[in-house]
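The next block holds one structure in the form of structure tokens; read it before the comments.
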Amino acid sequence: KAGVTQTPRYLIKTRGQQVTLSCSPISGHRSVSWYQQTPGQGLQFLFEYFSETQRNKGNFPGRFSGRQFSNSRSEMNVSTLELGDSALYLCASSLGLAVTGELFFGEGSRLTVL
Amino acid sequence: KNQVEQSPQSLIILEGKNCTLQCNYTVSPFSNLRWYKQDTGRGPVSLTIMTFSENTKSNRRYTATLDADTKQSSLHITASQLSDSASYICVVSPNWDSSYKLIFGSGTRLLVRP
């Protein structure tokens, strides 16, 4: 059974640019949640999508957005990149909502903003 | 305020020794508590998930305990191996409802030395 796939694994952008990250969940999983991980802040929740609807959102500015497609694949977008956006972005899939059961994480997309 | 605190922040032990990691939470209501292992540069992997009615759960050499009365959990690693070197993250779920968000601890970084 294939795991959670995130692309790209690594990317470098400059300030002001935008970036789109992709996440393919485990087959049959309907929830995809996104997290930002930095050395100083640990794992922070960005948002969760379930059946194409955003179910919850963390405390991040509107520059961070996401969506989920009918096949449960999800994308997140960060516009007008800032240096502080450099981080490991993780997505996780689950059968039900993230608060209810086990999360399966991808390997992450490491974003460096110069 | 809902918080999850982990201790110690970091720990160094010799291969073959046992160790115990702590997680204290002030989350209410409470639904479940999870422990994840995260190797450097990789996504977290689930070790255990416990509801309020479970006191102990084991996964190979990892044993998690939960005391819902004192709001404490521990993760005990038996006969440590070099591959146990990783960060261990405690995560608490407040409720089954999507309006709630997972609360993440900042993790304990474990280094196992030969």
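Order of the sequence lines fixes the chain letters, A, B, ..., with proteins taken first and strands second; residue numbering starts at 1 for each chain.
Under the 4.5 Å side-chain heavy-atom criterion for Ile, Leu, Val, Met, Phe, Trp and Tyr, Val32(A) and Leu95(A) are members of distinct hydrophobic clusters.
Of the N and O atoms on the side chains of Thr20(A) and Asn77(A), at least one donor lies less than 3.5 Å from an acceptor on the other residue. For the residue pair Thr20(B) / His76(B), a side-chain donor-acceptor distance below 3.5 Å is found, with atom types taken as modelled. Ser51(A) and Arg30(A) share a donor-acceptor pair across their side chains, judged by distance under 3.5 Å alone. No hydrogens or angles considered: nothing links the side chains of Ser86(A) and Thr112(A) as a donor-acceptor pair under 3.5 Å.
Of the atoms belonging to Leu102(B), heavy atoms from both backbone and side chain fall under 4.5 Å from chain A. Residue Phe50(A) does not touch chain B at all, counting heavy-atom pairs closer than 4.5 Å. Of the two parts of Leu88(A), only the side chain, counted from C-beta on, holds a non-hydrogen atom closer than 4.5 Å to a non-hydrogen atom of chain B. For Ile103(B), no part sits under 4.5 Å from any heavy atom of chain A, backbone or side chain. Contacts of Arg42(B) with chain A are made by both backbone and side-chain atoms, with heavy-atom separations under 4.5 Å. With a 4.5 angstrom heavy-atom cutoff, Leu43(A) touches chain B via backbone and side-chain atoms both.
Counting heavy-atom pairs closer than 4.5 Å to chain A, the top residue among Ser46(B), Gly43(B), Pro44(B) is Pro44(B). Ranked by non-hydrogen atom pairs under 4.5 Å with chain B, the options Gly106(A), Gly42(A), Ala98(A) are led by Ala98(A).
Other residues, nucleotides and ligands contribute at most 12 non-hydrogen atoms within 6.0 Å of the CZ atom of Arg15(A).
Here the side chain of Gln41(A) pairs no donor or acceptor atom with the backbone of Thr38(A) at under 3.5 angstrom. A donor-acceptor pair under 3.5 Å is absent between the side-chain atoms of Asn56(A) and the main chain of Phe47(A), judged by distance alone. Side chain of Gln6(B) to main chain of Gly107(B): a donor-acceptor pair is present (N/O by atom type, distance under 3.5 Å, no hydrogens or angles).
Residue Leu110(B) holds its CG atom at 9.5 Å from CG of Leu75(B), rounded to the nearest 0.5 Å.
Contacts between residues 58-75 of chain A and chain B, counted as heavy-atom pairs separated by less than 4.5 Å, involve Gly58(A), Asn59(A).
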